[in-house]
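Okay, so here's the structure we're looking at.
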Amino acid sequence: MPELASARALDTFPRLLIEHAQLRGGQPAMREKDLGIWQCWTWHDVAKEVRALACGLSEMGFRRGDNLAIVSENRPRMYMMMTAVQCLGGVPVPLYQDAVANEMLFVLLDAEVRFMFVEDQEQVDKVLEIHDQLPQLEHLLYDDPRGMRHYTQPFIHDIRELMAMGRIHNRNHPDLLNSEIAGGSPDDISVMLYTSGTTGKPKGVCLTHHAFISAARGGAEVDRLRADDNILSYLPMAWVGDHLFSFAQAMVTGFTINCPESAETVMNDLREIGPTCYFAPPRVFENLLTQVMIRMEDASLVKQRLFHFFMAVARRSGAEILDRQPVPLVDRLLYALGDLLVYGPLKNVLGMSRIRVAYTAGAAIGPALFRFYRSIGINLKQFYGQTETCAYVCLQPDGQIKFDSVGKPAPGVEVKIADNGEILVKGPMLLKEYYKRPEATAEAINAEGYFMTGDAGLFDDDGHLKIIDRAKDVGKLANGAMYAPNYIENKLKFFPYIKEAVVFGDRREMVCAFINIDIGAVGNWAERRGLAYSGYTDLAAKPEVYGLVQECIEQVNGELLGEGALADSQIHRFLILHKELDPDDDELTRTRKVRRNFVAEKYAVLIEALYAGRNSQYIETAVKFEDGRQGKVAADLLIRDPKTFAVGRRAA
Amino acid sequence: MNRQFGEAILDLKNVSLVFGGVKALTDISFDVREHEIRAIIGPNGAGKSSMLNVINGVYRPQQGEIILRGRHFARMNPYKAAKAGISRTFQNIALFKGMSVIDNIMTGRNLKIGTNLLLQAIWWGPARREELAHRAKVEEVIDFLEIQHIRKTPVGRLPYGLQKRVDLGRALAMEPSILLLDEPMAGMNVEEKQDMCRFILDVNDQFGTTIVLIEHDMGVVMDISDRVVVLDYGRKIGDGTPDEVRADPEVISAYLGASH
């Protein structure tokens, strides 16, 4: 849309897009791998397609204030659709694409969605499944025509039809879209993201153009993101993190987003693109490290020796070199050699050779995991934020990275700690409101305009914010000692063998734990020992595996002993669950956080067995398979008592 | 779904096949119409695979003839069959284990390559253009079967279900008009079977490919095929739609009855 040249303030996303189309029309804006080849859209192409999409929507009756639901994996046209909707003053509502139909139903009804844009036949089928409960849905658009030939319902349209219509519309009314864009205000809602719902039903978080643009600008300034940066967009579009990096920051700085070919090819695509910025939740970093470690254990002895020697060098001085702190000359030379032999090739395999800055957020990251990536020269940073704050509250400035803090308040953000330890924030990036939930909005934002995050934290001496736990999760043991479950779970999850852990102990006399083993890592470990197993349930019940997990837990107990207030939180008893916790069974949220209370209720009989001192417990659990069928898993679970360290003796 | 079938594209007349004293097939006749999914079922040793091997010319029947699009073949051979647009997959996967998925599927394009060996060796001019075109076609197959993530993996390292999919991919790369599938779902778990069913239906639907398949899973056969031939000890004992076959007393006693 280059014709709209007037130097308006760049305060909405559509205006930013016009600016980029003029400034760097020929530069790549988006890429996607299709049929084995990276296809590219320049900013000019994007502007043209957005115009066709927006005009098509307008022709179909999409009006200012309407919501349009988007259900898809990361694809360029989906991001374009977001801007197209914003051009018309509408609000895009991205949904998690792996949600089952009934989970989508709530959001679709709540947001009163009239228009929906989905990726393919699979998603169309999901919508049709619940269509009779969606009276207000008028148009269902799809992107991928495969398998769609026999769908004759009149409300289902190919997106190409809409775009063709849009191009004609644009020829007949060339000024309409420009005036719509001119009519937009920075205080309009730019996107509505539904919270993952760790607590209660999902709420639609309304975020304005101003909020997201401020957040993106602030973040880009701190880390000097530029138009020639590249990122891989592979995290769910419904997640605030993806919206900040793949949409808002790309729009603000003009860098290129790259969409993977399919969910399975992400690792390959990462290597091919070699992004300069990378964003992943801790779980992804954890999986990568686990894979590396598994493969190293299978490597030849020489390679293993080399790897371990240089990793020791990196642990000693890698992070310091990255932070430009003084390091002995010998280590500096050894590190350079290590970079040539180990770190460089390793980064190359991980697709991280070109990374200037990598972020993680969404959950706490194990300090050792964090240190590992920094020590091999990847500038990994944590940041802190929620959906309600555009994922923008605290950032770690270069050179001031601490493993146990999330950094300093970001530019423009004010952070303070309430008396009960809860973190309160204020700034331009705050949500406007929860959609149609004034009472929830009033609950979340206090009288002075601070958003109450629900996290407990504290500032250290350098002004860095440290997150301890969810404010409501921080509890007390029966003897009054502080008990922070996530903190303990994160310690456990750092072991490659432990995939998930749920600990219990609030108002109880001791801490007990459920463990999920990592089938990849433990399976490999079992294979090397010639241990035969038939599947997860079988492997999890092996006494050898129990022994392995027990060692990990005892190590954690040792660490906790040295952490003052938390010494009483040592794990006294544990069991390995017979099935993996799964979002399909509602045990995890879609972002894979444990739903603690749900798990506690579902496995109440196991908790009782732990605290009653029993040595085994029979349990039968219903599971949902991916195709929607139900099944049962039953097992007789062992319970073990790991070694704990007496707290009193330490003082003596 | 309204399905439309064309004329009989393939017609087998009184086919008998004997190995020494063993009568593998005795006087079998049936036809396959264009665009349909035709299943061949029967207990072990009924002659199903032999039937498929007769169709694409691996075995030569002592009696009978094959009529393919009106042309009579007394002596079919695999080369003629492939040229005539018949491709197949194998019960025991017959891929090149050491070659990547792309290369394996590329072998399916072999018959369509026109340039000579010398030009290909130096990858110059027309040979290069041609290979790029074939590679693009292979990528379409990869996209269709959703195996992008294993594009460059040696086939031998893949799990069985995926190898089966690659096998299908190679057959599809020929752009066949008739596709013979020999137990495409053997040894698969439920999810893999569902995927495979979807691919078979999609191939049939999108490309209009006629499909002849052998399958043991009765649920699958009854679900996806238009017509079913039932063999038992080398004889045809039933022929018709899944419902007709299911109701046929002889079929029930010989096959369905025995397995239920």
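Naming convention: chains lettered A, B, ... in sequence-line order (proteins, then strands); numbering from 1 in each chain. These numbers come from a predicted model, not from an experiment.
To the nearest 0.5 Å, the span separating OG1 on T265(A) from NE2 on H149(B) amounts to 9.0 Å. Rounding to the nearest 0.5 Å places CD of Q206(B) at 11.5 Å from CE of M148(A). Of the inter-residue distances, the one linking S262(A) atom OG with I147(B) atom CD1 reads 11.0 Å to the nearest 0.5 angstrom.
The existence of a salt bridge linking E146(B) and R146(A) is confirmed by a sub-4.0 Å separation between a basic side-chain nitrogen and an acidic carboxylate oxygen.
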- Task: Starting from the C-alpha separation in whole Å, work towards a yes-or-no answer on salt bridge (Lys or Arg N to Asp or Glu O under 4.0 Å) for E264(A) and R151(B).
- Result: CA-CA 11 Å; E264(A) 289 84 34; R151(B) 194 182 271 135; over 6 Å; no

For this session: Please lay out, stage by stage, how D205(B) and H150(A) fare under the test side-chain contact (heavy atoms from CB on, under 4.5 Å).
Result: CA-CA 10 Å; D205(B) 181 48; H150(A) 300 289; 2.5 Å; yes

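Within a 6.0 Å sphere centred on NZ of K112(B), other residues, nucleotides and ligands contribute more than 12 heavy atoms. More than 12 heavy atoms of other residues, nucleotides or ligands shown are found within 6.0 angstrom of CZ on R149(A). Counting heavy atoms of neighbouring residues, nucleotides and ligands inside a 6.0 Å radius, atom NZ of K97(B) exceeds 12 of them. By the neighbour-count criterion of 12 heavy atoms within 6.0 Å, atom CZ of R157(B) is sparsely surrounded, having that number or fewer from other residues, nucleotides or ligands. Environment of CD in E620(A): crowded, with over 12 heavy atoms of neighbouring residues, nucleotides or ligands closer than 6.0 Å.
Neither the backbone nor the side chain of V138(B) has a heavy atom closer than 4.5 Å to any heavy atom of chain A. If you measure heavy-atom distances from D143(B) to chain A, the contacts under 4.5 Å come from both the backbone and the side chain.
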